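These notes concern the structure reproduced below.
Numbers here simply count residues along the sequence, with the first being 1. Ligands are counted one by one from 1 in listed order, and the atoms in each one are counted from 1 as well. It should be emphasised that the depicted structure is a prediction, and the values quoted were computed from it without experimental measurement.
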Amino acid sequence: MTHVLKFATVLSAMIFLGAAAQAQDCPVSITEPFDLEAADIASIYDCIGDKMPEGYSKGGDMVAKDYRNWTVTGTRHGVAGAHGNRLLMTYANDIAAEQYLKFAEDGVMMPVGSILAKESIKINKKTQAAVVGPLFIMTKLEAGAAAETNDWLYGGIQPNGKPMKFRQAFCHDCHSSWEDQDFLAYPLEEVRVGN
Ligand code: HEC
């Protein structure tokens, strides 16, 4: 009898875990982002890729709706460490693409109207699943429009389509490390398009 009960408990636990796994976005076996190989990242992206713009667009944001039609700047998602160890992929709009893809290191001045949109995937270690992270956005405004951030406007969209709230300085303080590159950090060298 105890045996049967135990079996029933295990069974219901399995059903429960099964249900949890379904609610998760995409199960992963490797939960340390820095240990993910290109193939692991490809299969995560296969699972989660379509859900990203779907979620970001829910609030009607124009960048969220459009960015996947822009120029992709990486050969795959990279794990740079910054941005919460997430898997990152940046897209450049038509105004930004030519200059951005040079990945130039000196005297860079991005044209007004440049937009960089960086989608992100978070590995949730607890649930062992890859989940959609925020869409991070940088927009180059007209000269003098935002003196404190060198005319960059930082924005972010949550996976549910709602705007993120943060201070501009939170983003710009870190991006200030790349002043000669017009405050752009660029993808990791190993995943840059054309490298
Ligand atoms: C601790 C440092 C740090 C902070 C804080 C930070 N970033 Fe970044 N950001 C980076 C690095 C490093 C990269 C390049 C990594 C990559 O894309 O692989 C990057 C890249 C980006 C890009 C792609 C354009 C580029 O620089 O090449 C955007 C867009 C972006 N960040 C937006 C934001 C926004 C919006 C915030 C604030 C909510 C923010 N960042 C905060 C370090 C930071």
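The single protein non-hydrogen atom nearest to atom 24 (C) of ligand 1 is Y100 OH, 3.7 Å, given as residue, atom name and distance. In terms of protein heavy-atom proximity, atom 6 (C) of ligand 1 is closest to H83 NE2, 3.4 Å. Among all protein heavy atoms, the one lying closest to atom 4 (C) of ligand 1 is C174 CB, 3.3 Å. The shortest contact between atom 22 (C) of ligand 1 and any protein heavy atom is with K118 CE, 3.3 Å. Distance from atom 35 (C) of ligand 1 to its nearest protein heavy atom, with residue and atom name: G155 O, 3.3 Å. Atom 16 (C) of ligand 1 has as its closest protein heavy atom L88 CD1, 3.6 Å. For atom 38 (C) of ligand 1, the nearest protein heavy atom (residue, atom name, distance) is C171 SG, 2.7 Å. Atom 14 (C) of ligand 1 has its closest protein heavy atom at Y186 O, 3.2 Å.
At distances below 3.5 Å, at least one donor-acceptor pair connects side-chain atoms of Q158 with backbone N or O atoms of P163. At distances below 3.5 Å, not a single donor-acceptor pair connects side-chain atoms of D151 with backbone N or O atoms of L141. With T149 contributing its side chain and H172 its backbone, the two residues share no donor-acceptor pair below 3.5 Å.
Remark: distances from the non-hydrogen atoms of G78 to ligand 1 are all 4.0 Å or more. The shortest separation from a heavy atom of G156 to ligand 1 is not under 4.0 Å, leaving the residue out of contact.
No option in I44, V131, I121 other than I44 meets the side-chain contact (heavy atoms from CB on, under 4.5 Å) test with V28. Checked against D182 for a side-chain hydrogen bond (donor to acceptor under 3.5 Å, both in side chains), the options Q99, H175, K140 give a single hit: K140.
Side chains of Y91 and L135 form no contact here, defined as non-hydrogen atoms less than 4.5 Å apart. When side chains are defined from C-beta on, L184 counts as touching W152, because their heavy atoms get closer than 4.5 Å.
Against a heavy-atom cut-off of under 4.0 Å, A82 is close to the following atoms of ligand 1: 10 (C), 11 (C), 12 (C), 42 (C). For ligand 1, the atoms sitting less than 4.0 Å from at least one non-hydrogen atom of Y154 are 34 (C), 35 (C), numbered in the order shown with element in parentheses. Those atoms of ligand 1 with a heavy atom of A80 less than 4.0 angstrom away are 15 (C), 18 (O). Close contacts between ligand 1 and P187 involve ligand atoms 16 (C), 18 (O) [criterion: under 4.0 Å to a heavy atom].
The aromatic rings of F166 and F170 sit tilted relative to each other, their planes meeting at an angle between 30° and 60°. Ring planes of Y45 and H77: tilted class, angle from 30 to 60°. Taking the six-membered ring for Trp and thresholds of 30 and 60 degrees, Y186 and F103 have ring planes more than 60 degrees apart, a perpendicular arrangement.
The parts of F136 lying near ligand 1 are both backbone and side chain, judged by heavy-atom distances below 4.0 Å.
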Give the C-alpha distance, both sets of side-chain angles, the deciding distance and a yes or no for side-chain contact (heavy atoms from CB on, under 4.5 Å) between I123 and L87. CA-CA 8 Å; I123 306 293; L87 284 56; 4.1 Å; yes
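Because the distance cut-off is set at 2.8 Å, H175 qualifies as a neighbour of atom 8 (Fe) of ligand 1 through one of its N, O or S atoms.
Backbone and side-chain nitrogen or oxygen atoms of A185 are examined, and one is located within less than 3.5 angstrom of a nitrogen or oxygen of ligand 1.
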